[in-house]
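Keep in mind the model is a prediction, meaning the values are calculated, not measured. In this chain, numbering begins with 1 at the start of the sequence shown.
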Amino acid sequence: MSTVDKIRNLAIIAHIDHGKTTLIDAIFRAAGTFRENARVEERVMDNHELERERGITIRAKHCTVRWNGYLINIIDTPGHADFSGEVERVLSMVDGVLLLVDANEGPMPQTRYVLMRALNLGLRVIVIINKVDRPHADPARALNKTFDLFIELGASDAQADFYTVYGSGLEGWFVRDLKSQEHRGMDALFQSIIAHIPPPRVAYDAPFRMQISTLAWSDYFGRIGCGRVLQGVHHKGEALVRTGTRWSKPGAHDLLNRRARDDEWNVVASQQMASTHLWVTRGLERQEVEEIVAGDIVWVAGADEITIGDTLSSPLLESPGLPPLDIGEPTVSMFLLVNNGPLAGGDGLAVTMRQIRERLDRELRVNVSLRVEEVGRADRVKVSGRGELHLSVLIEEMRREGMELCVTRPEVITMPDADGTTLEPMEQLIIDIPEEFQGVVLEKVSRRRGEIVSSYNAGKGLIRYEFKIPTRGLIGYRGDFLTDTRGLGIMSSRFIGYGPWCGDVVSRNRGSMISMDIGPATSHAIENLQQRGTLFVSPLDKVYAGMIVGEHSRPDDITCNPTKRKKLTNIRSSTKELMTGLKGKRTLTLETAIEWIAADELVEVTPLSIRVRKGILDAEGRKKAMRQALSLNR
């Protein structure tokens, strides 16, 4: 067991793709965590199937390494803004952070957000300028931009006087001075952590107390809470008091200020319990132990109702509760519906709303940024999250588990102001694009109610724009952005708060091609239809009435028959088929389909297929619904 002065608790925070998980791989290798003959995969912390496929971290994870007698607890945090709820709560477990900054890109939107959280909590920050070996890397400019960001966020003098190291996580070296020191080894990074991240401030002789910051679930042990032991020692089987606290009024945990008074929260739950299992993390694995001590990050089982922010304390403690942890509210919602299409039940094993609700209940055990609401209908449920990616990852997991369902287009969650005006979520959007594409990008962002905040031209053929844009304007824009910039643009955003409603947003300006028949699509029909737009189906794909088979080249919807067969005659021409040909279809992924659909359309999700369809399959029913909507608008 390590003494408290030999423990360091830290989190690695950065924007997406700045190299957090790769850095942890290098730390593991340098610390000798694995045997020399052990087979270790790259990005070992990304142990989730979707994380490896997408190359992003979705859930915060905890690991430990030992170096020169020190125990270093490291938390790998997500870099995408949609999973910022994972970052918000784990920072309460650490005493310092490693802020990873790309030497080429410099600070990006998520860098600003997570740094603001760390500074408000008073954490010490070590800045790591990563990827200095890449072409166009400019470590000096990245460092200057980072320092400006510290000052802008109101860092104290001690926080602004941060320690800096330079290097490459992929190559496995970090140094204090790029010019005078040899580019080899990780000792400079380890020495920085030991010297500049303080040990936990705890008391061994006080009654036991810890606060839950992360949740896990086991079918054998139930809900498992993870957090840092704030004081005291606890042995397995001893009595505990679980205390739940909540904010006493809305706005007490303002998203930008995060500083709440001690009298703005109340105790809402109290339960007597006893711990049944205790674990600590060593390397990547949990080890069961008989006691847990102050300063370490541990796992505790014993109470099924435990949740984020709950305090576990000794019965001897007079005031067992602690202020609740801040968890940002969802900004985007969508409906999950039972699949009632003609092809329902063909692929999936779980197709009923009861099974969908059970799966969402399991997700709520560990995903605290998710909200599930009943809407008074037996065929649908409303799910809210931090963004499109947050929700699409959940739906993709359900799909891979054999579930079938339909999902609607994401809609932003609005809130009323004090004077009755409608407020909507706003985002900071930063894009890096080649100069030749700035015209078309600026035009489309302005149509989506984006306002230019600043621009910067580094003189390398790329120009950076910063916008303030409603979240509605970003729904469905990522695909257009990649198309307009030929895949060369970089786009990132973060939620910055609520602002006045910006008016109508012009997003999709093309209609749908809707099938009027059921059956397999034919090459003869597709050959004629591909002149009217871009198709989503190939020959022999199953289609049905109301299913969308393509994107029309004009703004209005059209109905078509992709199952039409060629009429056969007894006359053949040796040259008739020479000039015919079929173009490749556009393959829709779950994310692109959710972004593409209109308000009256659905994405049909099955384990084997992603289809898009109209919410009302019958053509006459759609016309009737349109007439009713027009009469209501009048």
In residues 166-175, what donor-acceptor pairs under 3.5 Å come from side-chain atoms, sequence neighbours left out?
from	atom 1	to	atom 2	distance (Å)
S168	OG	D133	OD2	3.4
S168	OG	E171	N	3.1

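Side-chain atoms of T471 come within 3.5 Å of backbone atoms of P425 as a donor-acceptor pair (strictly under, hydrogens ignored). With E388 contributing its side chain and V332 its backbone, the two residues share no donor-acceptor pair below 3.5 Å. A donor-acceptor contact shorter than 3.5 Å is absent between the side chain of R371 and the backbone of S384. Side-chain atoms of Y498 never come within 3.5 Å of backbone atoms of P416 as a donor-acceptor pair (strictly under, hydrogens ignored). Between the side chain of Q211 and the backbone N or O of G309 there is at least one donor-acceptor pair closer than 3.5 Å. No donor-acceptor pair closer than 3.5 Å links the side chain of R286 to the backbone N or O of V280.
Under 3.5 Å, the side chains of S270 and T243 contain no donor-acceptor pair of N or O atoms. Side chain to side chain, W299 and T281 meet the donor-acceptor criterion of an N or O pair below 3.5 Å.
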Evaluation steps, side-chain hydrogen bond (donor to acceptor under 3.5 Å, both in side chains), between S392 and E591:
CA-CA 6 Å; S392 66; E591 285 77 18; 3.2 Å; yes
Run S213 and S92 through side-chain hydrogen bond (donor to acceptor under 3.5 Å, both in side chains) and show every step you take.
CA-CA 7 Å; S213 302; S92 65; 3.0 Å; yes
Evaluate the salt bridge (charged side-chain N to carboxylate O under 4.0 Å, His left out) criterion for residues E396 and R399: first the C-alpha distance (whole Å), next the side-chain angles of each, then the deciding distance (0.1 Å), finally the verdict.
CA-CA 5 Å; E396 180 66 26; R399 173 196 178 197; 3.4 Å; yes
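Residue L115 holds its CG atom at 8.5 Å from OG1 of T146, rounded to the nearest 0.5 Å. With rounding to the nearest 0.5 Å, the separation of CG in L240 from OG1 in T311 is 11.5 Å. The CG atom of N130 lies 11.0 Å from the CD atom of E105; values are rounded to the nearest 0.5 Å. Distance check, rounded to the nearest 0.5 Å: CG of L10 to CD1 of I126 gives 7.5 Å. Taken to the nearest 0.5 Å, the CG atom of D76 stands 11.0 Å off from the CG atom of L98.
Partner of L312 under the side chain to side chain contact (heavy atoms under 4.5 Å, CB included) criterion, chosen from I212, V229, V241: I212. Among L23, I129, T22, V127, the single residue meeting the side chain to side chain contact (heavy atoms under 4.5 Å, CB included) criterion with L100 is L23. Shown are I12, I297, L91, I24; of these, the side chain to side chain contact (heavy atoms under 4.5 Å, CB included) with I75 is made only by I297.
Applying the side chain to side chain donor-acceptor pair (under 3.5 Å) criterion to R228, with sequence neighbours excluded, gives D95. For the ring-ring contact (aromatic ring centres under 6.0 Å, His included) test, residues two or more places apart in sequence or in another chain that qualify with F150 are F162. Residues that satisfy the side chain to side chain contact (heavy atoms under 4.5 Å, CB included) test with A203, not counting sequence neighbours, are D205, A206. Under the ring-ring contact (aromatic ring centres under 6.0 Å, His included) criterion, F190 pairs with W67, not counting sequence neighbours. With sequence neighbours left out, T414 forms a side chain to side chain contact (heavy atoms under 4.5 Å, CB included) with V412, T422, E424, W501. Every residue meeting the side chain to side chain donor-acceptor pair (under 3.5 Å) condition with N73, not counting sequence neighbours, appears here in chain and number order: N9, H62, D296. Residues meeting the side chain to side chain contact (heavy atoms under 4.5 Å, CB included) test with A301, sequence neighbours left out: F221, I224, T276, H277, W279. When the side chain to side chain donor-acceptor pair (under 3.5 Å) test is applied to S275, the partners found at least two apart in sequence or on another chain are H234. By the side chain to side chain donor-acceptor pair (under 3.5 Å) test, Q355 pairs with T352, sequence neighbours left out. Y163 is linked by a ring-ring contact (aromatic ring centres under 6.0 Å, His included) to H196, counting only residues two or more places apart in sequence or in another chain.
You'll find the side chain of T164 reaches within 4.5 Å of the side chain of L143, heavy atoms only. Looking only at side-chain heavy atoms (C-beta outward), D310 and I308 stay at 4.5 Å or farther from each other. Considering only heavy atoms from C-beta on, Q272 stays 4.5 Å or farther from R242 through its side chain. You'll find the side chain of E363 reaches within 4.5 Å of the side chain of E397, heavy atoms only. Contact check for T64 versus E285: no side-chain heavy atoms found under the 4.5 Å cut-off. When side chains are defined from C-beta on, R359 counts as touching M403, because their heavy atoms get closer than 4.5 Å. The side-chain heavy atoms of R209 and S314, taken from C-beta on, include no pair separated by under 4.5 Å. Contact check for Q159 versus V125: no side-chain heavy atoms found under the 4.5 Å cut-off.
Around atom NZ of K236, more than 12 heavy atoms belonging to other residues, nucleotides or ligands sit under 6.0 Å away. Atom CZ of R357 has more than 12 neighbouring heavy atoms from other residues, nucleotides or ligands inside a 6.0 Å radius.
Because its NZ or CZ atom is not both nearer than 6.0 Å to the ring centre of W217 and within 45° of the ring axis, R362 does not count as a cation-pi partner of that residue.
For the pair I151 and A160, the tightest heavy-atom approach, listed with the atom from each and the gap, is CD1-CB, 4.1 Å. The minimum heavy-atom distance linking V202 with V4 is given by the pair CG2-CG2, 3.4 Å. Closest approach of R124 to P198, counting heavy atoms only: CG-CD, 4.0 Å.
For residues 144-163, the set of pairs meeting the salt bridge (Lys or Arg N to Asp or Glu O under 4.0 Å) definition, not counting sequence neighbours, comprises R112-E152.
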